[in-house]
Amino acid sequence: MSPTRGLSQRLGSIFLPNSPEMSYERFQTPTASPWKTRLALYWQLVRGDRPIGWLLLLWPTWWGLWLAAGGMPPLWTLFVFSAGVWLTRSAGCVINDYADRWLDPHVERTKGRPLATGAVRGREALALFAVLMLAAFGLVLTLNRLTVLMSFVGVVLAASYPYLKRYTHLPQVYLGLAFGWGIPMGFAAVQGEVPAVAWLLYVANIIWSTAYDTWYAMVDREDDLRMGSKSTAILFGDMDLIAQGVLYALFFVALVFVGQRAQMGMYYWIGLAVSVVLVAYEFVIARTRERAACFRAFLHNHWVGLAIFAGIAADFALRGPAAPAF
């Protein structure tokens, strides 16, 4: 076999998951390392040193919990969902790197990840994913039956998301489906049902996740084009900033409807106004489309989520305890 043909087959396995070239391991003989080093590698694999993903998942989950409870949710429910956010986000990072272990070595931003370098084996990653998801499921089992049943959908969404970039330009939309599933689950846990306002908030989060993950995809656009991977950043092309403007506008329109349906007061609208200003600043940051600028715009969405949560929490806290009006 010629070197060129061998390389072609290996790269082809990125996009052909059933190819005989695909296996659990990218490197057949990974270097052994002390247990402390391995723990550090696992911590890196779950992005323990990069909390931004956890925060972007936490804020919409808390939006849903506070709206469902009409204020501060029960402490145990709050703990289950907050810990569950960390566990499922960590599991999502692991399965994402497992799915991309053949692609990440060719992308500047990801070539140093443990699976990309071979420092962690594929089987180790799958075992870690299983442990994290089982821990999250154990927490969910303490809640009501509807929440437990909905958790199975969450597992499917989290496990299947990383493979979308091989087949569609819309993995960012699917990320929103996975990242926002804690919203309807939160309503199910608090109220025992999922009202219309929960699904409206879920849709708002899908749009928001698509928008901020498009900033992220714009960082990798050149590498993804070279490797044949797909994303909304590639789909939008030169119209990316316009598309981003439309997405964020739709996001805020959806939140306006949420606020009206939930009969939110002044503080909610102040939080929403602050978040609009924060998003406008993201366009100032990313107007050049440079990699570092787009990554900064992506990170900035943490403050957007926080501003909206602060508005929701303040509104309920200052209006006094009351049952949700939906």
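Numbering starts at 1 and runs along the sequence shown. Computed from a prediction, not measured in an experiment: that's the story for all the values here.
In summary, the side chains of Trp54 and Ser90 do not present any donor paired with an acceptor at a separation below 3.5 Å, with no hydrogens or angles considered. Side-chain polar atoms of Asn301 and Trp208 form a donor-acceptor pair below 3.5 angstrom.
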* Are Phe137 and Phe152 close enough, and set up right, to give a ring pair (Phe, Tyr, Trp, His ring centres under 6.0 Å), and what steps lead you there? -> CA-CA 9 Å; Phe137 184 62; Phe152 289 102; 5.5 Å; yes

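Formation of a donor-acceptor pair under 3.5 Å by the Arg47 side chain with backbone atoms of Leu45 is found in this model. The backbone N or O of Phe79 sits nowhere less than 3.5 Å from a side-chain atom of Ser82 that would complete a donor-acceptor pair. Distance alone, capped at 3.5 Å, is enough to place a donor-acceptor pair between the Ser231 side chain and the Ile234 backbone.
Nearest heavy-atom pair across Asp315 and Tyr268 is OD1-N, 3.7 Å. Arg221 and Ala233 get closest at one heavy-atom pair: NH1-O, 2.8 Å. Between Gln172 and Asp213, the closest heavy-atom pair is CG-OD2, 3.1 Å. Heavy atoms only, all atoms of each residue included: Asn144 and Ala189 are closest at ND2-O, 3.5 Å. Residues Gly192 and Leu146 share a closest heavy-atom pair of O-CD2, 3.5 Å. The two residues Leu143 and Val80 have their closest heavy-atom pair at CD1-CG1, 3.7 Å.
Of the inter-residue distances, the one linking Thr88 atom OG1 with Phe179 atom CZ reads 8.0 Å to the nearest 0.5 angstrom. The CG atom of Leu201 lies 7.0 Å from the CG atom of Leu255; values are rounded to the nearest 0.5 Å. How far CZ of Arg50 is from CH2 of Trp43: 13.5 Å, rounded to the nearest 0.5 Å. Taken to the nearest 0.5 Å, the OG1 atom of Thr61 stands 11.0 Å off from the CH2 atom of Trp66. The CG atom of Leu177 sits 4.5 Å away from the CD1 atom of Ile206 when rounded to the nearest 0.5 Å. The structure places CZ of Phe129 at 5.0 Å from CD1 of Ile95, a figure rounded to the nearest 0.5 Å.
Between Leu78 and Trp62 there is a side-chain heavy-atom pair separated by less than 4.5 Å. With a 4.5 Å cut-off on side-chain heavy atoms, Tyr216 and Cys294 do not count as touching. With a 4.5 Å cut-off on side-chain heavy atoms, Ile207 and Val253 do not count as touching. By the 4.5 Å heavy-atom criterion applied to side chains, Val304 and Tyr248 are not counted as neighbours. Put simply, the side chain of Leu241 does not reach to within 4.5 Å of the side chain of Phe236, judged on heavy atoms. Taking the side chain as every heavy atom from C-beta outward, Gln244 and Leu247 approach each other to under 4.5 Å. At a threshold of 4.5 Å between non-hydrogen side-chain atoms, the residues Leu128 and Tyr42 count as touching. Under the 4.5 Å side-chain criterion, counting only non-hydrogen atoms from C-beta, Thr210 is not in contact with Leu175.
Annotation: Trp303, atom CH2; neighbour count of heavy atoms from other residues, nucleotides and ligands within 6.0 Å does not exceed 12. No more than 12 heavy atoms of other residues, nucleotides or ligands sit less than 6.0 Å from atom OH of Tyr281. The environment of Arg289 atom CZ is dense: over 12 non-hydrogen atoms of other residues, nucleotides or ligands sit within 6.0 angstrom. No more than 12 heavy atoms of other residues, nucleotides or ligands lie within 6.0 Å of OH in Tyr267, so this atom counts as exposed by the packing criterion. Annotation: Met239, atom CE; neighbour count of heavy atoms from other residues, nucleotides and ligands within 6.0 Å does not exceed 12.
Between Trp215 and Tyr212, a ring centre-to-centre spacing not shorter than 6.0 Å is recorded.
Hydrophobic clustering (side-chain heavy atoms under 4.5 Å, transitive across Ile, Leu, Val, Met, Phe, Trp, Tyr) keeps Leu134 apart from Trp86. Taking hydrophobic clusters as Ile, Leu, Val, Met, Phe, Trp and Tyr residues chained together by side-chain heavy-atom distances below 4.5 Å, Val131 does not share a cluster with Val155. Linking ILVMFWY residues whenever their side-chain heavy atoms come closer than 4.5 Å, directly or via other members, leaves Val284 and Val219 in distinct clusters.
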